[in-house]
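Just so we're on the same page: letters track the sequence lines, and every chain starts at 1. Side chains are part of it too, since the values below use all heavy atoms of this structure and drop only hydrogens, waters and symmetry mates.
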Protein chains: 2
Amino acid sequence: MSLTDTSQHSNCSAMSDVLNRIGDKWSVLVVGMLGQNGVLRFNELKRLINGVSQRMLTLTLRNLERDGLVTRTIYPEVPPRVEYSLTELGKTLQVPISALWDWSAENHGAIVEARAIYDARETAVAADNSRKIAYARG
Amino acid sequence: MSLTDTSQHSNCSAMSDVLNRIGDKWSVLVVGMLGQNGVLRFNELKRLINGVSQRMLTLTLRNLERDGLVTRTIYPEVPPRVEYSLTELGKTLQVPISALWDWSAENHGAIVEARAIYDARETAVAADNSRKIAYARG
DNA sequence: CAGCATCCTATATGATACTG
DNA sequence: CAGTATCATATAGGATGCTG
């Protein structure tokens with residue numbers, strides 16, 4: 001299937017399903033980190049991904065493992081050691097994710113700017129409506 | 001910035017911010033539909049995107065407009081006509097989204113398969129644990 | 001170290017009714 | 001047609017404490 005073949009775009013189900021999984025708050029960041037670093041332990045990932053809670057990192061990794069995107073290797077040692085890495089399928093996902101990452105880095109500024117303009121306009125409209133209401137009241 | 005420049009990957013904020021907006025349930029589908037069809041009215045979008053509620057389509061379009069990705073053109077007619085299309089910024093977003101769309105179409109089958117295998121293994125482990133508990137009890 | 005279990009809250013989403 | 005307003009709910013996500 002080529003990039004110009006839009007026939008699949010008519011059927012949203014596959015895209016929706018994938019987005020429901022990788023579109024959460026942490027999955028893309030986990031895949032990104034594993035793509036960069038290759039193999040990472042649980043707490044290494046937790047340190048790299050700023051703000052993720054232990055619970056959410058666990059859930060995210062389980063989901064990615066379930067979807068065949070991440071491998072989980074347990075070493076029966078004391079203290080326990082668990083290593084995560086991308087599967088071959090996970091590595092292919094790196095490509096579109098990386099594209100999105102680069103787009104974000106390039107265009108985040110423009111988005112922030114657009115938001116500021118939009119919000120300023122909305123605030124002005126709200127103020128205008130207040131004046132109209134005050135005028136209508138008397 | 002090149003695709004191989006991973007320095008931006010260390011700073012998750014831009015990516016997180018973009019993902020928080022386009023990572024919701026409908027934004028990517030809206031952008032995809034507008035990218036395919038060029039200009040669409042509200043109810044045309046609603047018909048194309050299966051399952052979206054009026055409320056969520058409105059909210060999604062407002063957010064995309066606020067971020068400078070979608071333009072909203074009102075024609076002061078009766079009945080009212082409102083047309084949506086991608087901005088230039090929105091069109092550039094089409095590229096990484098299209099890549100993700102194609103990846104989904106190609107690899108959704110593998111994900112479904114991986115889930116089935118994972119779930120079967122989990123079920124087996126659960127059954128095994130039940131037996132162990134039964135053994136311990138009796 | 002790498003988690004699991006529990007409780008709690010915020011938010012996203014949906015359903016429904018109404019409107020210029 | 002293209003919304004807005006309100007209510008209801010499911011779920012994502014966070015905080016905390018405990019464990020092998």
Check: Pick the nucleotide of DNA chain D nearest each of B:R47 and A:G23; which residue has the one closer to the 5' end?
Finding: B:R47
Next item on the list: Report which part of the nucleic acid B:Y84 touches: base, sugar-phosphate, or nothing (heavy-atom distance under 4.0 Å, all strands).
Entry: sugar-phosphate
Checklist line | B:M56 CE - D:dT9 C1' separation (whole Å) | finding: 14 Å
Margin query: Nearest whole Å is fine: how far is C:dC4 P from A:L59 CG?
Written below: 9 Å
Item checked: Donor-acceptor side-chain pairing of B:T87 and B:T71 below 3.5 angstrom -> no
Checklist line | Pairwise 5' ranking along DNA chain D for A:P80 and A:K25, keeping only the more 5' one | finding: A:K25
Check: For A:Q54, which contact category applies under a 4.0 Å heavy-atom criterion: base, sugar-phosphate, or nothing?
Finding: base
Next item on the list: Take atom CD of B:E83 and atom C1' of D:dG3, then tell me their distance rounded to the nearest Å.
Entry: 16 Å
Next item on the list: Round to the nearest Å and state the distance from A:L57 atom CG to D:dG14 atom P.
Entry: 11 Å
Item checked: For atom CG of A:N20 and atom P of D:dA10, their distance in whole Å -> 17 Å
Checklist line | Any donor-acceptor N/O pair, B:S98 side chain to B:V95 backbone, under 3.5 Å | finding: no
Checklist line | From D:dG3, D:dG13, C:dC1, nucleotide with atom closest to B:T58 side chain | finding: D:dG3
Margin query: Need one value for B:R55: base, sugar-phosphate or nothing, where a base atom within 4.0 Å counts as base even if backbone is also close, heavy atoms only.
Written below: base
Item checked: Atom-to-atom span, CD1 of A:I74 to C1' of C:dG3 - whole angstrom -> 10 Å
Next item on the list: May I have the distance from B:I49 (atom CD1) to C:dG14 (atom P), rounded to whole angstrom?
Entry: 12 Å
Checklist line | Nearest listed nucleotide, side chain of B:R62, among C:dC4, D:dG3, D:dC1 | finding: D:dG3
Notebook entry, point to check: Does the side chain of B:R41 get closer than 4.0 angstrom to OP1 or OP2 of D:dA2 through an N or O atom?
Noted result: yes
Next item on the list: Give the rounded distance in Å between these two atoms: CG of B:L19 and C1' of C:dA12.
Entry: 16 Å
Notebook entry, point to check: Can B:E88 and B:K91 be said to form a salt bridge (charged side-chain N to carboxylate O under 4.0 Å, His left out), step by step?
Noted result: CA-CA 5 Å; B:E88 289 308 309; B:K91 287 176 187 170; 3.4 Å; yes
Notebook entry, point to check: Does A:N107 use its side chain to pair, donor to acceptor, with the backbone of A:A110 at less than 3.5 Å?
Noted result: no
Margin query: Measuring only between side-chain heavy atoms, which start at C-beta, is B:L57 closer than 4.5 Å to B:W26?
Written below: no
Next item on the list: Look at A:R72 and C:dG3 and indicate whether a side-chain polar atom (N or O) is within less than 4.0 Å of OP1 or OP2.
Entry: yes
